[in-house]
**Student:** 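One structure coming up, written as structure tokens, with questions to follow.
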4 protein chains.
Amino acid sequence: MSFATLNEMNKTFKKILNNASELFAEKGYEGTIMDELCIRSGVNKASIYYHFKDKSNLYEVVLTKLFSEVADQIIVAVSSQTAPLEKLKSFIETFAQETYQNKQMPATLMREIASGGKNMPIPARKQMQRILQTLSSILKEGAEQQVFKQVDPLTTHFIIIGSLCFFSTSEPMRQAIESEHPLDPDLNSTIAEIYSLISSAIILN
Amino acid sequence: MSFATLNEMNKTFKKILNNASELFAEKGYEGTIMDELCIRSGVNKASIYYHFKDKSNLYEVVLTKLFSEVADQIIVAVSSQTAPLEKLKSFIETFAQETYQNKQMPATLMREIASGGKNMPIPARKQMQRILQTLSSILKEGAEQQVFKQVDPLTTHFIIIGSLCFFSTSEPMRQAIESEHPLDPDLNSTIAEIYSLISSAIILN
Amino acid sequence: MSFATLNEMNKTFKKILNNASELFAEKGYEGTIMDELCIRSGVNKASIYYHFKDKSNLYEVVLTKLFSEVADQIIVAVSSQTAPLEKLKSFIETFAQETYQNKQMPATLMREIASGGKNMPIPARKQMQRILQTLSSILKEGAEQQVFKQVDPLTTHFIIIGSLCFFSTSEPMRQAIESEHPLDPDLNSTIAEIYSLISSAIILN
Amino acid sequence: MSFATLNEMNKTFKKILNNASELFAEKGYEGTIMDELCIRSGVNKASIYYHFKDKSNLYEVVLTKLFSEVADQIIVAVSSQTAPLEKLKSFIETFAQETYQNKQMPATLMREIASGGKNMPIPARKQMQRILQTLSSILKEGAEQQVFKQVDPLTTHFIIIGSLCFFSTSEPMRQAIESEHPLDPDLNSTIAEIYSLISSAIILN
DNA sequence: TATGAATGAGAATTCATTCAT
DNA sequence: GATGAATGAATTCTCATTCAT
């Protein structure tokens, strides 16, 4: 089943896709049961196999969609800015917001990275690279304009992505932990904190 | 099967435990198949059930061991320091090293956080809280001594843990990504970078 | 869907029928999958059910066609001869040629006989009986004219049909067997051999 | 699951094997349903997969056993004779008897040959070659001793095997055909007939 | 303690068939 | 006549767990 634009997809296809996206994020690949997917989607089991070759193909389509949407958003947001620092801010904010609004992407990414990306479908991996590429360009541009220090983009990438993924997906856990901290930090302050952290670390003063 | 000290454990028990730890980290709870665990461990399937009640009990033992070891190391390392900044450094370094040497812990943690910690056994969760507690104390002490700014410990925790977990578990992926970055950042420079990042952000100048 | 003359059939009907005939011969009834039949025939799945009641009806039509064609040919060929020995020769030659040119019939027949004919549709069975009847008449006539010995027609039938079916369908297998026999026997010599075998056995000297 | 001697096999293994042999012969590979095999064998579904890798492996074991037993019998019987004609008689008689007593082998062989042997497992094919080899040797020896004419062994093989397979498997069909022939030919007379047929055709007078 | 064998419940996938257009 | 989509009922295979020895 090729990956077409949303408009071309029919209703059942979309229902399956959305519910699969949810389930894979919640329970991982192995933890996701096709039967439950049918029930959630309100479709017949065989319908899934009409639209998708098998579970692994479904996973591929889901991941590619998930990652490409975030990549697209980031690229659009970043390209609307001109200054490297603004671009960096845009990158962090967009990733944070996307990630916080839709926890499926960070959850899935974390699982994939945990298993060493062995099962990560190639097209999905391509989308992850687009995101990394975008950050690399920003950092390079900043360094060229002598605004940023020379930093390793991969490390920087993991600091940003890693902390934001942990932050957004840990929400339910944080509530489970009987914390002595009355104030659960909100998204915006976290974004601000991470942004100030990163920028203070890489800005050439 | 209660959780005893390593010395009391017999060979089969240890073999199962180690291989289970490996497998759970590699493939997650659902992805780990008891049959494969037998083969890897070179023991009979029924033996597992002699030593452990069931899969979920095995998981509990594995996770508790995994997290308590890291928690212990951190607490020991941190308590050997007196100044809050040194303690923070110690915290980051110990977590980074533990995490990098044994990828099982970060991989497992990431999966657990990705599923909202729903399946995380209570004793394992307790160990995670010990780690968080330690960081909180450091931050609190630093703030009291007017060395640190007042920061949210949870956010800080996620920034540290998240970036280090992503960093250590993403090693195989980074190699798969045909990167234009000739120099793969090594552990020490990453630790240094994260430490400088965090400290520059929280030190009261 | 009744069994009409070929002229009345439309193109889709014919395509389905021919491909079904091929598939049933290649893979048997259970091994034939309706989906593959669609693909081979280049028609939609629902189209099959427009033209044929169901799989078993399709099978019936295919088999009846297959067997009636051979029966017709044999009867025509045999009736063009007058002497019993010539008739026998004609019977063997026609069956051999039909069988060798179109392997679908012997393959299908072998499967049916292997399953004890339990699934063989009545009309198809009728056609098989026409063939057997023809041979019986030849033998009876030969015996009456004191040209042939009195032999059991069924046994004779199986010797002829069995050896020729095995011969024509085993072609691909013979090539797979790394034979020390440089010369693969051709159809004509096999026909001659079988004819001489049978005739030498039943001719009253 | 390797193919060991019967003595080494346990009871469940044997039960599954025998029932599978029966079912494959009755209904062919695709027509055989694993569930039915369990029920017939009185074992749990998973037990089959404990003893055999999958359906196709089970099929392989069944066929190899089926064919090797017949091949063994033939070779033993033939080797107890010295004169080529006696050997030929032994070959035909043994094959006929084996085939008639246990219809599984001819039924399975017919299906396999009908599908061009495409699915025939290599080890099973090896056994078929042993049988052919035996006949070839007999014919060659007879020709060398100037007892037999020079005949093509493959054609001769198919005449013998084909007619006997058809004869033994067609038993139920013959009864279904409302025959005007009061006397169903018995095995011994058929053996005799085929032997006299073949021998009269190849003996150098 | 250890093991070969067995098992029930489940999970992925397939397949003949039908429906709405 | 033809088609894309949908479906119920299998069907193959898996997996955690238990049992007898």
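Every chain is numbered from 1 and lettered A, B, ... according to where its sequence line falls, protein lines coming before strand lines.
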**Student:** Taking E/dT1 as the reference, what is the distance to F/dT21 when you measure between their P atoms (whole Å, please)?
**Tutor:**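 So the two P atoms sit 22 Å from each other.
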
**Student:** List for me each residue that meets salt bridge (Lys or Arg N to Asp or Glu O under 4.0 Å) alongside A/Lys118, sequence neighbours excluded, and say none if there are none.
**Tutor:** none

**Student:** Anything under 3.5 Å between a protein N or O and an N or O of nucleotides 14-17 of chain E, put it in a table, one pair a line.
**Tutor:**
unit_1: E/dA16; atom_1: OP1; unit_2: C/Thr32; atom_2: O; d: 3.3
unit_1: E/dA16; atom_1: OP1; unit_2: C/Lys55; atom_2: NZ; d: 3.2
unit_1: E/dA16; atom_1: OP2; unit_2: C/Met34; atom_2: N; d: 2.8
unit_1: E/dT17; atom_1: OP2; unit_2: C/Tyr49; atom_2: OH; d: 2.8
unit_1: E/dT17; atom_1: OP2; unit_2: C/Lys55; atom_2: N; d: 3.0
unit_1: E/dT17; atom_1: O4; unit_2: C/Lys45; atom_2: NZ; d: 3.4

**Student:** Nearest whole Å is fine: how far is F/dA16 P from B/Leu37 CG?
**Tutor:** 10 Å

**Student:** Measure CD1/D/Ile16 against C1'/E/dT7 and give the value in whole Å, please.
**Tutor:** 12 Å

**Student:** When the distance from CG of C/Asn10 to C1' of F/dG1 is rounded to whole Å, what number comes out?
**Tutor:** 8 Å

**Student:** Rounded to whole angstroms, how far apart are NZ on B/Lys27 and P on F/dC15?
**Tutor:** 10 Å

**Student:** Which residues pass the side chain to side chain donor-acceptor pair (under 3.5 Å) test with C/Ser41, sequence neighbours left out?
**Tutor:**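 Checked C/Ser41 against side chain to side chain donor-acceptor pair (under 3.5 Å); matches are C/Asn19.
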
**Student:** Can you tell me if C/Lys65 uses its side chain to pair, donor with acceptor, with the backbone of C/Asn18 under 3.5 Å?
**Tutor:** no

**Student:** Go through the structure and list residues passing salt bridge (Lys or Arg N to Asp or Glu O under 4.0 Å) with D/Lys27, not counting sequence neighbours.
**Tutor:** D/Glu36

**Student:** At under 4.0 Å, does any side-chain N or O of D/His51 touch on OP1 or OP2 of E/dG4?
**Tutor:** no

**Student:** Under 4.0 Å between a side-chain N/O of D/Tyr50 and OP1 or OP2 of E/dA5, yes or no?
**Tutor:**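 For D/Tyr50, the contact criterion (side-chain N or O under 4.0 Å from OP1 or OP2 of E/dA5) is met.
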
**Student:** If the condition is side-chain contact (heavy atoms from CB on, under 4.5 Å), which residues does C/Ile39 pass it with, not counting sequence neighbours?
**Tutor:** none

**Student:** Looking at residues at least two apart in the chain, or sitting in another chain, which of them share a side-chain contact (heavy atoms from CB on, under 4.5 Å) with B/Asp54?
**Tutor:**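 B/Asp54: side-chain contact (heavy atoms from CB on, under 4.5 Å) contacts with B/Tyr49, B/Ser56, B/Asn57.
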
**Student:** Going by the salt bridge (charged side-chain N to carboxylate O under 4.0 Å, His left out) test, which pairs reach into residues 16-25 of chain C, not counting sequence neighbours?
**Tutor:**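 Every salt bridge (charged side-chain N to carboxylate O under 4.0 Å, His left out) pair that includes a residue of residues 16-25 of chain C, provided the two are not neighbours, is C/Glu22-C/Arg40.
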
**Student:** Round to a whole Å and report the spacing from CD1 of D/Ile48 to C1' of E/dA5.
**Tutor:**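 After rounding, the reported distance stands at 14 Å.
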
**Student:** OP1 or OP2 of E/dA2 versus the side-chain N and O atoms of B/Thr12: is any pair under 4.0 Å?
**Tutor:** yes

**Student:** D/Phe13 CZ to E/dG4 C1': how many Å, rounded?
**Tutor:**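 One finds 14 Å between C1' of E/dG4 and CZ of D/Phe13, rounded.
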
**Student:** Would you mind reading off the distance between B/Lys15 atom NZ and E/dT3 atom C1', rounded to a whole angstrom?
**Tutor:**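 It is 13 Å, rounded to the nearest whole Å.
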
**Student:** Does A/Ser47 have a side-chain nitrogen or oxygen under 4.0 Å from the phosphate oxygens OP1 or OP2 of F/dT7?
**Tutor:** yes

**Student:** Would you please enumerate the stems DNA chain E participates in, each stem being three or more consecutive Watson-Crick or G-U wobble pairs with both distances under 3.5 Å?
**Tutor:**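 E:2-21 with F:2-21 - these are the stems of 3 or more pairs that involve DNA chain E.
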
**Student:** So, the side chain of B/Thr32 versus the backbone of B/Leu23: is there a donor-acceptor pair under 3.5 Å, distance only?
**Tutor:**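 A pair under 3.5 Å: yes.
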
**Student:** Restricting to pairs with a member in residues 102-114 of chain B, which pass side-chain hydrogen bond (donor to acceptor under 3.5 Å, both in side chains), not counting sequence neighbours?
**Tutor:**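 Matches after skipping sequence neighbours: B/Ser21-B/Gln104, B/Tyr59-B/Glu112, B/Lys103-B/Glu171.
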
**Student:** Roughly, in whole Å, what's the span from CD in A/Glu36 to P in E/dA12?
**Tutor:** 10 Å

